[in-house]
Amino acid sequence: MADKITFFDVASRQNVTWSPNTWKTRLALHFKGVDYKVERYEYPEIKGRLENHVPPHDGPGPAYTFPAIQLPDGTYIMDSTAIAKYLEEKHPVPSLHLDCDYITRLIALFPPVRDASFAFFLARVPDALLNEGSLDFWYTTRREWVGMDVKQYAAENGGEAGWKAMAPALAPITALAKENEGPYFLGKEPGQADFIWASFLLFFKSMGYLDEFLAASGDAQVHLNLLEAIKPLTERNGL
């Protein structure tokens with residue numbers, strides 16, 4: 001039996017966490033002080049690694065995704081929300097504040113940001129981050145998302161016009177982040193809402209687009225304050 005949690009992450013050329021989905025779990029593990037080891041897989045390998053251990057996701061999209069973890073007793077958990085719930089139950093202190101309404105409010109505001117982000121990450125992720133073994137999977141699945149080649153989509157929707165389109169999507173989240181004095185959504189106490197948003201900031205940082213993203217936010221310093229506050233939780237980003 002393994003003596004620590006195994007954290008499953010998407011492979012990259014740099015062998016670091018880059019996906020906002022897996023960053024959510026990695027930040028929560030660090031926040032809770034839980035020891036773990038890392039296994040990374042290319043996108044086409046994820047289903048084979050998980051399908052005998054967890055039920056598939058319901059609805060559209062891939063049936064099996066990272067993040068996932070394997071517990072020391074052999075149990076697998078897939079999805080950052082389910083993993084956060086497990087960590088909160090098993091390690092209640094410090095709290096992730098999963099009942100905080102900032103999580104619900106942030107998630108409700110997120111779809112326009114995600115949609116505006118397509119113009120940037122759909123083409124940038126394979127160019128800057130993915131290994132050869134993930135490229136076909138990425139291009140095929142993401143073409144289905146937007147109905148065209150991702151490079152064509154980026155050419156038609158990115159650039160200066162894309163950042164202008166991003167600004168009104170980011171404005172409500174910036175306002176949400178400023179409701180308290182910060183640096184966290186709750187003020188002085190971090191929680192899962194912060195890790196959800198910081199994961200997206202870290203995603204844009206990994207693509208080399210953080211400055212443009214922050215410029216579109218309406219108040220870069222609010223988001224930089226969050227990144228600085230959680231910096232100790234980001235220092236382990238390899239094995």
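Worth knowing before you read on, the calculation uses all heavy atoms, side chains too, and leaves out hydrogens, waters and symmetry mates. These numbers come from a predicted model, not from an experiment.
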> Side chains of residues 46-56: which donor-acceptor pairs under 3.5 Å do they make with residues two or more places apart or in other chains?
unit_1 : atom_1 : unit_2 : atom_2 : d
Arg49  : NE     : Tyr41  : OH     : 2.9
Arg49  : NH1    : Tyr76  : OH     : 2.8
Arg49  : NH2    : Tyr76  : OH     : 3.3

> Thr65: which residues meet the side-chain contact (heavy atoms from CB on, under 4.5 Å) condition with it, sequence neighbours left out?
His57, Pro62, Met78

> Would a 4.5 Å heavy-atom cut-off, applied to side chains only, mark Pro94 and Phe31 as touching?
yes

> Report the residues that fulfil side-chain hydrogen bond (donor to acceptor under 3.5 Å, both in side chains) with Thr141, sequence neighbours left out, ordered by chain and then residue number.
none

> Does the pair Tyr153 and Met148 meet the rule for a side-chain contact (heavy atoms from CB on, under 4.5 Å), with working shown?
CA-CA 7 Å; Tyr153 188 87; Met148 66 175 71; 3.8 Å; yes

> Taking ring pair (Phe, Tyr, Trp, His ring centres under 6.0 Å) as the test, write out the residues that go with Tyr184, two or more places apart.
none

> Taking all atoms of both residues into account, what is the closest heavy-atom pair of Pro20 and Ser199, and its distance?
O-CB, 3.3 Å

> Are any of the side-chain heavy atoms of Asp3 and Pro72 separated by less than 4.5 Å?
no

> Identify the two heavy atoms, one from Leu227 and one from Ala198, that lie closest to each other, and give their separation to 0.1 Å.
CD2-O, 4.3 Å

> What is the distance from atom CG of Asp79 to atom CD1 of Ile69, rounded to the nearest 0.5 Å?
11.0 Å

> Applying salt bridge (Lys or Arg N to Asp or Glu O under 4.0 Å), name anything that partners Asp35, two or more places apart in sequence or on another chain.
Lys4

> Distance under 6.0 Å and angle within 45° of the ring axis: does Arg143 meet both against Phe137?
no

> Answer yes or no: is there a donor N or O on one side and an acceptor on the other, between the side chain of Asn225 and the main chain of Gln221, under 3.5 Å?
yes

> Identify, with sequence neighbours excluded, every residue that meets salt bridge (Lys or Arg N to Asp or Glu O under 4.0 Å) alongside Glu144.
none

> Shortest non-hydrogen contact from Ala11 to Leu130?
O-CD2, 4.2 Å

> Is there a chain of hydrophobic side chains (I, L, V, M, F, W, Y, each step under 4.5 Å between heavy atoms) that links Trp23 to Val16?
no

> Less than 6.0 Å separating the ring centroids of Phe110 and Phe200?
yes

> Does a donor on one side chain sit under 3.5 Å from an acceptor on the other, for Thr6 and Glu39?
no

> Are Phe203 and Ser117 packed together at the side-chain level, in the sense that at least one heavy-atom pair is separated by less than 4.5 angstrom?
no

> What pair of heavy atoms forms the shortest contact from Val222 to Ala177, and how long is it?
CG1-CB, 3.5 Å

> For Asn180 and Tyr102, does a side-chain donor sit closer than 3.5 Å to a side-chain acceptor?
yes

> Should the pair Arg13-Glu132 be classified as a salt bridge under the 4.0 Å nitrogen-to-oxygen rule?
no

> Quick one: CG on Asp194 to CD1 on Ile230, what's the gap to the nearest 0.5 Å?
8.0 Å

> Within the distance-only criterion (no hydrogens, no angle test), does the side chain of Asn157 pair as donor or acceptor with the backbone N or O of Ala154 below 3.5 angstrom?
no

> Show the nearest heavy-atom pair for residues Tyr139 and Pro126, with the distance to one decimal.
OH-CB, 3.5 Å

> Which atom pair, heavy atoms only, marks the closest approach of Lys151 to Asp149?
N-OD2, 2.9 Å

> When clusters are formed by joining ILVMFWY residues with side-chain heavy atoms under 4.5 Å apart, either directly or through shared neighbours, do Leu98 and Phe185 land in the same one?
yes

> Verify the ring-centre separation between Trp163 and Phe120: is it less than 6.0 angstrom?
yes

> Under a 3.5 Å threshold, yes or no: a donor from one side chain and an acceptor from the other, between His97 and Glu189?
yes

> Check the side chains of Asp9 and Thr17 for a donor-acceptor pair under 3.5 angstrom, ignoring hydrogens and angles.
yes

> With sequence neighbours left out, what residues match Asp115 under salt bridge (Lys or Arg N to Asp or Glu O under 4.0 Å)?
none

> Could you list the donor-acceptor pairs under 3.5 angstrom formed by side chains in residues 207-217, with sequence neighbours left out?
unit_1 : atom_1 : unit_2 : atom_2 : d
Ser217 : OG     : Leu214 : O      : 2.6
Ser217 : OG     : Asp219 : N      : 3.3

> Return the set of residues passing salt bridge (Lys or Arg N to Asp or Glu O under 4.0 Å) with Lys164 (not counting sequence neighbours), or none when no residue passes.
Glu160

> Could you give all pairs that pass the side chain to side chain donor-acceptor pair (under 3.5 Å) test and reach residues 82-94, with sequence neighbours left out?
Lys32-Glu88, Glu88-Ser95

> Applying ring pair (Phe, Tyr, Trp, His ring centres under 6.0 Å), name anything that partners Phe118, two or more places apart in sequence or on another chain.
Phe121, Trp145

> If you group Ile, Leu, Val, Met, Phe, Trp and Tyr by side-chain heavy-atom gaps below 4.5 Å, do Val125 and Leu122 land in one group?
yes

> Within the supplied structure, the quantity of interest is the number of heavy atoms (other residues, nucleotides, ligands) at a distance under 6.0 Å from Glu235 CD; does it exceed 12?
yes

> Are the side chain of Lys188 and the backbone N or O of Gly182 linked by a donor-acceptor pair below 3.5 Å?
yes

> Please tell me whether Arg26 and Tyr36 have a donor and an acceptor in their side chains that are separated by less than 3.5 angstrom.
yes

> Out of curiosity, does Leu106 fall in the hydrophobic cluster containing Ile83 (side-chain heavy atoms, cut-off under 4.5 Å, transitive links)?
no

> Does one hydrophobic cluster hold both Val38 and Leu202, with members joined at side-chain heavy-atom distances below 4.5 Å?
no

> Give a yes or no answer on whether the side chain of Ser134 reaches the backbone of Asn131 with a donor-acceptor pair at less than 3.5 Å.
no

> Give a yes or no answer on whether the side chain of Gln70 reaches the backbone of Phe8 with a donor-acceptor pair at less than 3.5 Å.
no

> Strictly by salt bridge (Lys or Arg N to Asp or Glu O under 4.0 Å), give each pair with a member in residues 57-72 just once, sequence neighbours left out.
none

